[in-house]
Amino acid sequence: MTIEFQENISLKPYNSFGFDVSARYFAVLEDAGQLPAIRDFIQQNRMPVLFIGGGSNLVLTADLDQLVVVNQIQGLQMQGNSDGSVSVTAGAGEEWHSFVRWTLQQGAYGLENLSLIPGTVGAAPIQNIGAYGVEIKDRMSFLDAFDLETGESVIFTADECQFGYRDSLFKSRFPGRYLITAVTFTLSREFEPVLHYGGIDDQLKQRNIDSPEPLQLSDLICDIRNAKLPQPAQLGNAGSFFKNPVIPEIQVEQLKQDYPGLVVFADQPGYCKLAAGWLIDQQGWKGHRRGDAGVYDKQALVLVNYGAADGADIVDLAGAIQADVYKQFGVMLEVEPRCYP
């Protein structure tokens, strides 16, 4: 199956920060049958490739002298299972939030807490996206991918994806090797809401809702996110820019002595997770601005482009925040989005 390769294309519409950098070569992937042609192009031209979904987890700092492929593979399928669960498969190019809403409208539940996360279905496992007590690893069954090294189609179960906190083997071990073409989730016909995380229960009480319906909960999640996070169409950003750091319990106890208000979450045995936003906010960064690169005034985790900033401006700002937090707390913040080149 053929695919068109274009030259010197602006990536401004394809990254949520809105950075106007260009790709030396560019293509739009609409069918898995086009992948062998992409592999041939890469090998013949001896150049790297960057696959983009919604471009919501990228910081592009300069023009890319390589091939950039936007994954727009579509398709939705649903199948009931003998145990009463539902298997739902989505093409990797499906827009994530629209997919979540579609599952709820079809009576398949489990993804409602992940409403309004920007990006595509295919990008979700790479980052192991999560919000309000739910992560992709909790709901995914398996995914289909194309191995650019061997030219073969492969299947990864959830365990084989080696999911971690905002991480997977696709991000940390084999970046650029596998192109995800479809993802299959195991959802439920029984609605069992997760309400204990991120102020959801408080919002329900404020609205006098005792038992939310699935779409009600999705709407509430959207309202919470909109109150704290800017939408990329209005203000360029990549969502949370820093991961919540995971550190040993003994270090947490030491920090608590100096900072009694430290925000801490339970993690794996012997470790705790700190609220990165709290650390940044304590240093006075919320609302800070350097030219058109800034820290969002409602959420210190979010770096924003007010219009004319470029990727280097955002990276420089992030570096200053990391250095300041480390100097004060002895904790190094890890950047969440991928930076190119």
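Positions are given from 1 along the sequence.
- Residues V49 and Y25 form no side-chain contact, since every pair of their non-hydrogen atoms from C-beta on lies 4.5 Å or further apart.
- If you take CD on Q283 and CG on D281, they are separated by 10.0 Å, rounding to the nearest 0.5 Å.
- Under the 4.5 Å side-chain criterion, counting only non-hydrogen atoms from C-beta, Q66 is not in contact with R24.
- Heavy-atom contacts from other residues, nucleotides or ligands closer than 6.0 Å to OH of Y326 number 12 or fewer.
- Using a 4.5 Å heavy-atom cutoff, the side chains of M78 and W102 are in contact.
- No donor-acceptor distance shorter than 3.5 angstrom exists from the side chain of D267 to the backbone of Y271, with no hydrogens or angles considered.
- Between Y132 and V194 there is no side-chain heavy-atom pair separated by less than 4.5 Å.
- In the model, T181 has no side-chain atom that pairs as donor or acceptor with a side-chain atom of D144 under 3.5 Å.
- Of the possible donor and acceptor atoms, none in the side chain of R139 sits under 3.5 Å from a partner among the backbone N and O of F185.
- With hydrogens and angles disregarded, a donor-acceptor distance shorter than 3.5 Å links the side chain of N15 to the backbone of L11.
- The ring-ring contact (aromatic ring centres under 6.0 Å, His included) with F26 is formed by just one residue from the set F51, Y14, F5; it is Y14.
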Tell me, with the steps shown, if Y259 and Q328 meet side-chain hydrogen bond (donor to acceptor under 3.5 Å, both in side chains). CA-CA 11 Å; Y259 309 100; Q328 184 69 27; 2.8 Å; yes
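- Taking each heavy atom of L317 and A293 in turn, the nearest pair found is CD2-C, 3.9 Å.
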Can you check side-chain contact (heavy atoms from CB on, under 4.5 Å) on I73 and E30, steps first, answer last? CA-CA 5 Å; I73 297 175; E30 296 178 330; 5.9 Å; no
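- Closest of all the heavy-atom pairs between I221 and N113 is CG2-O, 3.8 Å.
- Using a 4.5 Å cut-off on side-chain heavy atoms (C-beta onward), P337 and F241 make contact.
- Without hydrogens or angle criteria, N244 side chain to A276 main chain gives a donor-acceptor distance under 3.5 Å.
- Cluster annotation: L235 and F242 are assigned to distinct hydrophobic clusters (Ile/Leu/Val/Met/Phe/Trp/Tyr, side-chain heavy-atom contacts under 4.5 Å, transitive).
- Linking Ile, Leu, Val, Met, Phe, Trp and Tyr residues whenever their side-chain heavy atoms come within less than 4.5 Å leaves V121 and I155 in two separate clusters.
- Donor-acceptor pairing under 3.5 Å is lacking for the side chains of Q268 and Y165.
- There is no side-chain donor-acceptor pair under 3.5 Å between D159 and T157.
- E249 has its side chain out of reach of V264: every pair of non-hydrogen atoms, C-beta onward, lies at least 4.5 Å apart.
- The neighbour count for E190 CD, taken as heavy atoms of other residues, nucleotides or ligands under 6.0 Å away, does not exceed 12.
- Comment: E336 does not engage K243 in a salt bridge, judged by the lack of any side-chain N to carboxylate O separation of less than 4.0 angstrom.
- A salt bridge links E135 to R166: at least one charged side-chain nitrogen sits closer than 4.0 Å to a carboxylate oxygen.
- Rounding to the nearest 0.5 angstrom, the gap separating the CG atom in L50 from the CZ atom in R338 is 6.0 Å.
- Closest heavy-atom contact between Q322 and L333: NE2-O, 2.7 Å.
- Distance CD1/I38 to CG/L179: 6.5 Å, rounded to 0.5 Å.
- Counting heavy atoms from C-beta outward, P125 and V183 have side chains that approach closer than 4.5 Å.
- I52 and L67 are assigned to two separate hydrophobic clusters, defined by single-linkage of ILVMFWY side chains at heavy-atom distances under 4.5 Å.
- No donor-acceptor pair under 3.5 Å is formed between the side chain of S188 and the backbone N or O of Y109.
- A donor-acceptor distance shorter than 3.5 angstrom exists from the side chain of T103 to the backbone of V100, with no hydrogens or angles considered.
- The CG atom of L229 sits 7.5 Å away from the CG atom of N237 when rounded to the nearest 0.5 Å.
- The minimum heavy-atom distance between I42 and M47, with the atom names listed, is CG2-O, 3.0 Å.
- Shown here is K12, whose NZ atom has no more than 12 heavy atoms of other residues, nucleotides or ligands within 6.0 Å.
- Looking only at distances, a side-chain donor or acceptor of N71 sits under 3.5 Å from a matching main-chain atom of I180.
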Go through it in stages, so that I can follow the logic: the residues are D167 and N128, the test is side-chain contact (heavy atoms from CB on, under 4.5 Å), and I'd like the CA-CA distance, side-chain angles, deciding distance and then a yes or no. CA-CA 6 Å; D167 196 18; N128 185 23; 6.0 Å; no
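- Heavy atoms of other residues, nucleotides or ligands lying less than 6.0 angstrom from CD of Q106 number more than 12.
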Working for side-chain hydrogen bond (donor to acceptor under 3.5 Å, both in side chains), residues S10 and D20: CA-CA 6 Å; S10 172; D20 191 11; 2.6 Å; yes
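- Between R290 and D313 no salt bridge is recorded (no basic side-chain N to carboxylate O distance below 4.0 Å).
- Across F146, F163, F174, F170, a single residue satisfies ring-ring contact (aromatic ring centres under 6.0 Å, His included) together with F156, and that is F170.
- Following chains of ILVMFWY side-chain contacts shorter than 4.5 Å, one cannot reach I126 starting from F142, and the two form parts of different hydrophobic clusters.
- Judged by distance alone, the side chain of Q231 and the main-chain N or O of A233 form no donor-acceptor pair under 3.5 Å.
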Run N81 and S87 through side-chain hydrogen bond (donor to acceptor under 3.5 Å, both in side chains) and show every step you take. CA-CA 7 Å; N81 301 320; S87 292; 2.9 Å; yes
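- At a threshold of 4.5 Å between non-hydrogen side-chain atoms, the residues V154 and Y178 count as touching.
- In this structure, CD1 on I250 lies 11.5 Å from CG on L255, to the nearest 0.5 angstrom.
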Determine, step by step, whether I280 and W278 satisfy the side-chain contact (heavy atoms from CB on, under 4.5 Å) criterion, reporting the C-alpha distance in whole Å, the side-chain angles of both residues, the deciding distance to 0.1 Å, and the verdict. CA-CA 5 Å; I280 298 168; W278 186 89; over 6 Å; no
Evaluation steps, side-chain hydrogen bond (donor to acceptor under 3.5 Å, both in side chains), between D223 and Q203: CA-CA 10 Å; D223 290 344; Q203 286 291 321; over 6 Å; no
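- Ring-plane geometry between W285 and H288 is classed as perpendicular, the angle between the planes exceeding 60 degrees on a 0 to 90 degree scale with a lower cut at 30.
- Closest approach of A300 and V295 over heavy atoms only: O-CG1, 3.5 Å.
- Without hydrogens or angle criteria, N305 side chain to F17 main chain gives a donor-acceptor distance under 3.5 Å.
- Counting all heavy atoms, side chain and backbone alike, V88 lies closest to A108 at CG2-CB, 4.3 Å.
- Formation of a donor-acceptor pair under 3.5 Å by the Q216 side chain with backbone atoms of P214 is not found in this model.
- Side chains of R101 and S115: a donor-acceptor N/O pair is absent below 3.5 angstrom, by distance only.
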Give the C-alpha distance, both sets of side-chain angles, the deciding distance and a yes or no for side-chain contact (heavy atoms from CB on, under 4.5 Å) between C272 and Q251. CA-CA 9 Å; C272 293; Q251 186 179 359; over 6 Å; no
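- Atom CD of E95 and atom CD of Q74 lie 10.0 Å apart (nearest 0.5 Å).
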